[in-house]
J.: 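The following block contains the structure, expressed as structure tokens.
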Amino acid sequence: FQIYDWQVRDDEYMIQEEEWDRDLLLDPAWEKQQRKTFTAWCNSHLRKAGTQIENIEEDFRNGLKLMLLLEVISGERLPKPDRGKMRFHKIANVNKALDYIASKGVKLVSIGAEEIVDGNVKMTLGMIWTIILRFAIQDISVEETSAKEGLLLWCQRKTAPYRNVNIQNFHTSWKDGLGLCALIHRHRPDLIDYSKLNKDDPIGNINLAMEIAEKHLDIPKMLDAEVYAARAGERAIMTYVSCYYHAFAGAQKAETAANRICKVLAVNQENERLMEEYERLASELLEWIRRTIPWLENRTPEKTMQAMQKKLEDFRDYRRKHKPPKVQEKCQLEINFNTLQTKLRISNRPAFMPSEGKMVSDIAGAWQRLEQAEKGYEEWLLNEIRRLERVEHLAEKFRQKASTHETWAYGKEQILLQKDYESSTLTEVRALLRKHEAFESDLAAHQDRVEQIAAIAQELNELDYHDAVNVNDRCQKICDQWDRLGTLTQKRREALERTEKLLETIDQLHLEFAKRAAPFNNWMEGAMEDLQDMFIVHSIEEIQSLITAHEQFKATLPEADGERQSILAIQNEVEKVIQSYSIRISSSNPYSTVTVDEIRSKWDKVKQLVPIRDQSLQEELARQHANERLRRQFAAQANAIGPWIQNKMEEIARSSIQITGALEDQMNQLKQYEHNIINYKNNIDKLEGDHQLIQEALVFDNKHTNYTMEHIRVGWELLLTTIARTINEVETQILTRDAKGITQEQMNEFRASFNHFDRVPHSYLFERQACLISMGYDLGEAEFARIMTLVDPNGQGTVTFQSFIDFMTRETADTDTAEQVIASFRILASDKPYILAEELRRELPPDQAQYCIKRMPAYSGPGSVPGALDYTAFSSALYGESDL
């Protein structure tokens, strides 16, 4: 009578058992024993679903409870049962159950749905025994033995230390009850005192074991003690003992589950700490940027050079003292973010999403705005200093020209208003007319100065000179006075010309003197003004040009001296004529305001100013030579530092691509690069010092180098950031390798394959497909598309080496999943869909138990009790699979 053909390692056992069971099939007592045992076993599982059976051959006839039993013990969903009460509905349901049993590797022979529906006891018992073997005993394996042998070996090992216990089979070895008591005492010594047991009291021992098992281990009493001690069948004993195995094996699973949960929670707590630290550092850096940008964007100009120089010094302090630590903080923040994301990927957690406005991209954007404001601020400072320098020069020039003109114009209106010609002789009138003509010449000569004064005032207004109001007022007064002088001059000339008709005599000699003395006087005043004029130059060529012009001016002095002597000779001739002819008139020239003494005085002044001008030009030439030395000194260092930085960038790039040794060796090499770079900082500081000297000397250009200090600063900061990021990438690879168990050979193989197909940066998809095929992947279009969604989620057609490593580690390493954590919690909860706080405190360390209790939501599903916690939602949230 063979009711199944199970193709597992228990085949040999089933053949041996066949002879032993054949006689028992006809024994009513055996049948009753099997019924009770199997009914109790079925109810131990069905009560988890809130139901039970009373009559094993009747209650399974419609197939509904049979399908429910299989769902409970397997944890899987069976096809939806037919709810009709007709025979064909029952047969259909039983067939669904039998098909499910067959799908688990059990080949049923001679058991049909019709026998079960008809209530065939033997077929029903055989089917239940098949289910017990498959779902309760088959998975028992100790040292690669069969199910029965594994269960027997487990019992032997657990009871070996106990006296009077010798487990050799599932028949006579259990009749005295000591084997059951030994199993209980081995795992729960608090439930039984083995030393007080009596081998001669088998009924008492069996009852004690069964009562304790039913009360404390949730194992139903499947047989009466008397039947168990007299002649319990091997199936009944195996079924009952397997319940002990599963009960005590569950304790080991609970410990394993608790350890897994502790590990998962420890990782989660560390990740949360890193997230909070990132949020704090990001907030502090963004706050510093928020405070700094308005300061850099403030373009309120100062009124004096001293105030603007103070602003420039403050900006230099910001560059030297305040910004470098923030550059380091920004770089460290990016490194911490990358390390956190790597840890999250390794632990199979969702990626960290910082608070709104605190992403690495947000910080980079804020930093870019800071850099832009900083660059604009420095340019504005230098332009403003140039403007103030120009403004102060023009203001001083305006004051000098205005003072000169005001001195010249002082009293001229009163002179022009005089009517002295009314009481003068003809000679005097003619003298007054000639004098007036000389004044007109003088007036015309001053026209350029007035126009220059107006032009300077206009430029000061355009340059936003702080004292423009007073300048405009002074300029307006000069212009108004000039207009009045023009009008008065014209009126006086008209009056003199009318009078001239009445006058006939004029001293030609005085007139000649006046005509020649006035222009010469204007020339001397212009020469004195030019010799005292301020100048601004920015190169040796410009000062040489001024020196050349000055030499040309000195070359004209002999000719001017000849003119001076000629003018003085005219006056001497006048005096000689007066003396010769004893004329009773003053020797003073009535036609000119310029006197001989004034000519002599101004000529002496011109001769004094010439060497002074020589000295100032030579001093400026020396200063320009000094500035040229500063330019060359800065250029020599910048032309060395710039290529050095570029070479280091290229070395780091090559080392990140061509590395083939161990990651630790690569890390040491990169650390050496970093050490060399840090030691090179003194050269940057020295260059900063030279740059400060150049700025203090107000040198704004340098034809000897294409490098500016801004270029060097940007290159230096980029070099520091690049070496830090490269080191972080290798650290990330080491962390990934260690966490995933990847060998150095595998890591080198990944790098070699990636570099071979990455000849051109950002290679195309077909090269990535060839790379994966070289790693042993037989790819179709659909599989390649799936892989590309993992390594290139943005669909840009490029794959980074880090994405490639993450994919290969996911393909070659095992990680915790939400389903594993849920299964671990289910073990702690004894298969309940919820867990209680007491169970968490009992199984987990206090801090992690409290962590779970604080974060687990309340369970509100079927069978909920007060204090029930939803571990499924909590586990899903750990891996980003819910909104918890």
J.: Side chains of Leu68 and Leu78: does their closest heavy-atom pair fall under 4.5 Å?
T.: no
J.: Which heavy atom in Asn169 sits nearest to a heavy atom in Leu152, and how many Å separate them?
T.: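 Looking at all heavy atoms of both residues, the shortest contact is N-CD1, 3.8 Å.
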J.: By side chain to side chain donor-acceptor pair (under 3.5 Å), which residues pair with Glu54, not counting sequence neighbours?
T.: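 Applying side chain to side chain donor-acceptor pair (under 3.5 Å) to Glu54 gives Gln52.
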J.: Taking only residues two or more places apart in sequence or in another chain, which ones pass side chain to side chain donor-acceptor pair (under 3.5 Å) with Ser195?
T.: Asp193
J.: Does a side-chain N-to-carboxylate-O contact under 4.0 Å join Lys90 and Asp82?
T.: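 No, this pair does not count.
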J.: Looking only at non-hydrogen atoms, find the nearest pair between Ala40 and Pro220 and report the distance.
T.: O-CG, 3.5 Å
J.: Using the ring-ring contact (aromatic ring centres under 6.0 Å, His included) criterion, which residues pair with Tyr859? Sequence neighbours excluded.
T.: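 If we apply the ring-ring contact (aromatic ring centres under 6.0 Å, His included) test to Tyr859, skipping adjacent residues, the hits are Tyr834.
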J.: Mind telling me whether Trp154 and Tyr245 have parallel, tilted or perpendicular rings, with 30° and 60° as the class edges?
T.: perpendicular
J.: Using the test side chain to side chain donor-acceptor pair (under 3.5 Å), find all partners of Gln269 that sit at least two apart in sequence or belong to another chain.
T.: none
J.: Only counting residues at least two apart or in another chain, list the ones meeting side chain to side chain donor-acceptor pair (under 3.5 Å) with Glu839.
T.: Lys832
J.: On a heavy-atom basis, which atom in Arg61 and which in Glu58 lie closest, and how many Å separate them?
T.: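 Nearest pair, atom of Arg61 first, then Glu58: NH1-OE1, 3.0 Å.
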J.: Which residues satisfy the ring-ring contact (aromatic ring centres under 6.0 Å, His included) test with Tyr871, sequence neighbours excluded?
T.: Phe825
J.: Rounded to the nearest 0.5 Å, how far does CG of Leu178 lie from OG of Ser173?
T.: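 Rounded to the nearest 0.5 Å, the OG-CG separation comes out at 11.5 Å.
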J.: Which heavy atom of Thr159 sits nearest to which heavy atom of Gly179, and what is that distance?
T.: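 Looking at all heavy atoms of both residues, the shortest contact is CG2-O, 4.0 Å.
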J.: Specify the closest pair of heavy atoms between Ile206 and Gly177, including all atoms of both residues, with the distance to one decimal.
T.: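 Ile206 and Gly177 have their closest heavy atoms at CG1-CA, 3.5 Å.
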